[in-house]
Amino acid sequence: MDMNQYLDMFIEESKEHLQAINANLLLLESDPGNIGHVKEIFRSAHTLKGMSATMGFEDMASLTHEAENVLDLIRNQKLTITSDIMDAIFQSVDLIEGMVIDITEGGDGSADVSAIVKKLRAIVAGDFSAEQEVAAATMVVEAPEEESTPAEDHELDDYAMMVLKQSQELGNNVLWIKVTLNENCLLKAARSYMVFDQLESMGEVIKTKPAVEDIENERFEQSFEIAYVTEQSIEKVRTTILNISEIQDVTIETIQLKSEAPPAPVVQQTPAPAEKAAAEAPQAPVKKAAAGGKTIRVDIERLDILMNLFSELVIDRGRLEQLAREIGKNELQETVEHMSRISGDLQNIILTMRMVPVEQVFNRFPRMIRDLQKDLNKKVNLEIIGAETELDRTVIDEIGDPLNHLLRNSLDHGIESPADRKKAGKPEEGKIELRAFHSGNHVFIEVKDDGAGINKDKVLKKALERGIVNPATADSMSDKQIHELLFAAGFSTAEVVSDISGRGVGLDVVKSKIESLGGSVGVDSVRGQGTTFLIQLPLTLSIISAMLVQVKDEKYAVPLSSIIETAVFKKDQIMMAHRQKVIDFRGRVVPLVSLQDIFQVPDNGETMEDEVAVVIVRKGEKMAGLVVDSFIGQQEIVLKSLGKYLVNVFAISGATILGDGQVALIIDCNSLIK
């Protein structure tokens with residue numbers, strides 16, 4: 001069994017731990033006295049170190065270990081946090097993130113960590129001078145040589161000895177564990193991985209015998225050995241391992257590393273017969289599986305395939321339902337209804353599996369804002385709202401870069417310097433708001449700042465210089481039209497090219513990416529008050545609930561998530577306001593939108609009745625009434641793309657195939673609400 005099969009899991013979990021470290025470092029920086037934040041950082045760093053050591057990424061394990069030493073001093077209140085110390089820890093995290101990216105791209109995760117390691121060791125030694133920094137580094141590395149006898153007994157190298165010695169000095173248990181599997185164990189590598197997984201949750205695996213690669217490739221007989229550090233008791237470690245199925249025996253020794261002790265004395269720890277019997281009982285593995293098997297990582301491509309297959313099933317389900325109604329056999333109708341209920345539950349599970357909170361993307365930005373405001377000498381508070389809003393995983397993976405660009409743009413171009421803000425009568429600290437919310441079958445993400453706003457004269461001047469705008473029409477352009485010029489290809493107002501907001505690249509890259517995801521982006525600004533960028537993204541769910549409506553001889557689908565209510569109004573209830581037909585809906589004036597007029601549906605000659613069918617839809621706080629001929633009913637529909645030849649069709653987000661084989665267009669209600 002190859003370690004590569006665990007690589008994806010390692011990468012995902014490493015990203016999660018790094019995100020947690022960054023988030024807690026920011027909290028710690030704003031509240032240095034809160035040891036709780038330090039403990040959270042230490043816990044994530046400790047797990048990350050163990051994971052990287054197990055996977056064989058030694059540079060990452062070494063660097064994380066040195067950062068952990070600094071955190072441990074802070075945790076035990078032996079070191080006072082300063083700005084320089086925080087910067088050093090942040091630099092370490094950045095370097096580790098770079099290693100993870102390298103591993104993600106197929107590299108080996110190696111990097112030159114010597115400079116930052118020396119800085120971290122100097123912090124631990126309590127001195128930042130170059131001479132003592134080197135001396136401290138030498139002292140830490142060479143100390144284990146005094147304990148050479150245990151290293152020979154257990155074949156531990158200098159790095160492993162250093163970790164074990166420092167861990168023992170901190171009061172941890174330093175153990176040598178021998179795990180023996182059952183003779184009839186079929187998946188030895190899988191069982192060994194379960195052992196490593198459980199041990200990593202309680203401490204740190206320092207070394208294995210044979211090597212991790214050999215264990216994962218099942219190049220061992222029935223047993224393997226582990227050098228292990230933990231705060232837990234020996235009994236807890238032994239019980240945890242024995243609760244894994246197909247484990248025959250566990251022997252644990254305490255490694256003595258102190259120089260005054262005899263060479264490699266051991267205290268033998270063997271499981272009591274009663275405990276051994278309990279561990280081998282069949283109920284133990286069942287309990288373990290129930291406790292630990294709550295989550296599983298699935299490749300997004302597999303979910304895509306599953307979704308496509310189920311989409312076809314939904315189309316056939318609709319066809320079966322229609323045939324059952326036409327034939328009228330009770331037995332057939334009952335069977336189809338049962339199948340519909342089962343497939344409906346299955347559908348909800350599949351859709352939920354693909355949904356991920358935007359928090360996964362949003363959480364990376366506070367750290368970025370922290371670093372940029374220091375570089376730009378600005379004071380900014382980033383406020384995140386609606387991080388729990390869920391979006392399809394495929395979209396989540398793509399929106400990070402556009403949001404990163406917009407936030408950098410707000411900080412670089414939008415937020416003024418503290419001095420300029422003070423002159424303008426504003427607080428010295430600027431505010432950037434990152435907000436996400438659902439509206440209909442879309443998710444909206446808003447990036448709003450309280451900065452200087454867009455200088456439309458400057459924008460128009462640049463656009464004229466670059467030939468983006470015709471001088472003849474420049475004077476008649478509205479403020480909104482001038483603001484939209486920011487998204488023109490290659491447009492940039494940057495006087496000096498830097499890497500803060502895009503190295504001179506304009507916001508056209510943001511627009512292109514958002515549109516490639518089936519979304520749109522707009523901008524609104526008030527000079528002196530700030531700028532708001534609004535991104536609209538589809539949920540990209542392949543299956544949605546919709547209300548089917550009839551307009552003359554054509555059928556349309558209105559997403560149920562956009563609908564407030566369906567109603568029938570008499571013609572004399574329709575009023576005119578500002579040359580627009582409106583209705584009074586529960587005390588609110590709601591404009592009417594005729595789908596026949598919007599889509600130019602041919603008249604079939606049928607006379608209109610005295611009543612008008614209306615679908616009340618919403619976009620945020622705004623509402624509109626869609627005028628149709630009749631309501632067909634609610635149905636689960638499969639969202640199909642119109643293809644690359646029919647792009648940007650106004651107010652149409654896709655199409656669906658109905659049970660009778662007809663094609664119905666799906667209405668994008670957000671486009672119809674102004």
**Prompt:** Between Ile206 and Glu204, does a side chain to side chain contact (heavy atoms under 4.5 Å, CB included) hold up when you go through it step by step?
**Reply:** CA-CA 6 Å; Ile206 305 301; Glu204 177 184 2; 3.3 Å; yes
**Item:** Audit row: Leu63, Met99, side chain to side chain contact (heavy atoms under 4.5 Å, CB included) steps and yes/no
**Value:** CA-CA 11 Å; Leu63 176 56; Met99 294 177 186; 4.2 Å; yes
**Intermediate values then yes/no, side chain to side chain contact (heavy atoms under 4.5 Å, CB included), Met368 and Arg408** = CA-CA 9 Å; Met368 180 196 77; Arg408 285 174 173 266; 3.8 Å; yes
**Asked** Run the side chain to side chain contact (heavy atoms under 4.5 Å, CB included) check on Ile85 and Ile89 step by step: do they pass?
**Response** CA-CA 6 Å; Ile85 291 175; Ile89 299 174; 4.0 Å; yes
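No donor-acceptor pair closer than 3.5 Å links the side chain of Glu388 to the backbone N or O of Pro357. Asp112 places a side-chain N or O within donor-acceptor distance of the main-chain N or O of Ser114, the cut-off being under 3.5 Å. Listed for the Lys378 side chain is no donor-acceptor partner under 3.5 Å among the backbone atoms of Gly430. A donor-acceptor pair under 3.5 Å is formed between the side chain of Gln19 and the backbone N or O of Asn363. Checked by atom type and distance alone, the side chain of Asp59 pairs as donor or acceptor with a backbone atom of Ala111 at under 3.5 Å. Remark: the backbone N or O of Asp72 is paired with a side-chain donor or acceptor of Asn76 at under 3.5 angstrom. Between the side chain of Tyr228 and the backbone N or O of Ile177 there is no donor-acceptor pair closer than 3.5 Å. In this structure a side-chain-to-backbone donor-acceptor pair under 3.5 Å is present from Asp450 to Lys431. Side-chain atoms of Ser410 do not come within 3.5 Å of backbone N or O of Gly414 as any donor-acceptor pair. With hydrogens and angles disregarded, no donor-acceptor distance shorter than 3.5 Å links the side chain of Ser62 to the backbone of Glu58.
For the residue pair Ile247 and Asn182, the shortest heavy atom distance occurs at C-OD1, 3.7 Å. Phe224 and Pro210 make their closest contact through CB-CD, 4.1 Å (heavy atoms, listed as atom of the first residue, atom of the second, distance). The shortest non-hydrogen separation linking Glu66 to Val117 is CG-CG1, 3.9 Å. Residue Ala67 comes nearest to Leu120 through the heavy atom pair N-CD1, 3.7 Å, listed as atom of the first residue, atom of the second, then distance. Of all heavy-atom pairs spanning Thr64 and Ala45, the tightest one is CG2-O, 3.2 Å. Closest of all the heavy-atom pairs between Ile116 and Ser92 is CG1-OG, 3.4 Å.
Proximity of Lys178 to Glu225: side-chain heavy atoms (C-beta onward) are separated by under 4.5 Å at one or more points. Within the 4.5 Å cutoff, no side-chain heavy atoms of Met60 are placed close to those of Met55. Inter-residue side-chain proximity for Gln198 and Asn243 is flagged as unmet; no heavy-atom pair is nearer than 4.5 Å. Counting only heavy atoms from C-beta outward, the side chains of Arg43 and His46 never approach each other to under 4.5 Å. A 4.5 Å side-chain heavy-atom check between Gln222 and Gln248 finds every atom pair outside the cut-off. For the pair Gln91/Lys119, a side-chain contact is recorded, criterion being any heavy-atom separation below 4.5 Å from C-beta on. Between Asn172 and Thr230, the closest side-chain pair of non-hydrogen atoms is not below 4.5 Å. Taking the side chain as every heavy atom from C-beta outward, Gln232 and Asn173 never approach each other to under 4.5 Å.
Of the residues His17, Arg364, Arg367, the one that meets the side chain to side chain donor-acceptor pair (under 3.5 Å) test with Asn22 is Arg367. Among Asn409, Leu406, Ile399, Asp401, the single residue meeting the side-chain contact (heavy atoms from CB on, under 4.5 Å) criterion with Val510 is Leu406. Here the options are Leu71, Ile74, Asn24, the test is side-chain contact (heavy atoms from CB on, under 4.5 Å), and the partner is Phe42; only Leu71 passes.
A distance of 13.5 Å separates NE2 in His405 from NZ in Lys513, rounded to the nearest 0.5 Å. Interatomic distance, CE of Met202 versus OG1 of Thr47, reported as 12.0 Å (0.5 Å rounding). For the atom pair CD of Glu221 and CG of Leu181, the computed distance is 11.5 Å after rounding to the nearest 0.5 Å. The CG atom of Leu25 lies 4.0 Å from the CD1 atom of Ile41; values are rounded to the nearest 0.5 Å. Atom CD1 of Ile103 sits about 4.5 Å away from atom CZ of Phe10, to the nearest 0.5 Å. Distance check, rounded to the nearest 0.5 Å: CD of Glu29 to CD1 of Ile81 gives 9.5 Å.
Classification of the Phe365-Phe362 ring pair by plane angle, with boundaries at 30° and 60°, yields tilted.
Using modelled atom types, one finds no donor on one side chain facing an acceptor on the other under 3.5 Å when comparing Thr82 with Asp84.
A salt bridge links Glu446 with Arg435: the distance from a Lys NZ or Arg NE/NH1/NH2 to an Asp or Glu carboxylate oxygen falls below 4.0 Å. Using a 4.0 Å cut-off between a side-chain N of Lys or Arg and a carboxylate O of Asp or Glu, Asp371 and Lys374 do not qualify as a salt bridge. In this structure, Lys188 does not pair ionically with Asp214, as no charged nitrogen and carboxylate oxygen lie closer than 4.0 Å.
In this structure, Asp449 has no salt bridge (charged side-chain N to carboxylate O under 4.0 Å, His left out) partners at least two apart in sequence or on a different chain.
Other residues, nucleotides and ligands contribute more than 12 heavy atoms inside 6.0 Å of the CD atom of Glu383.
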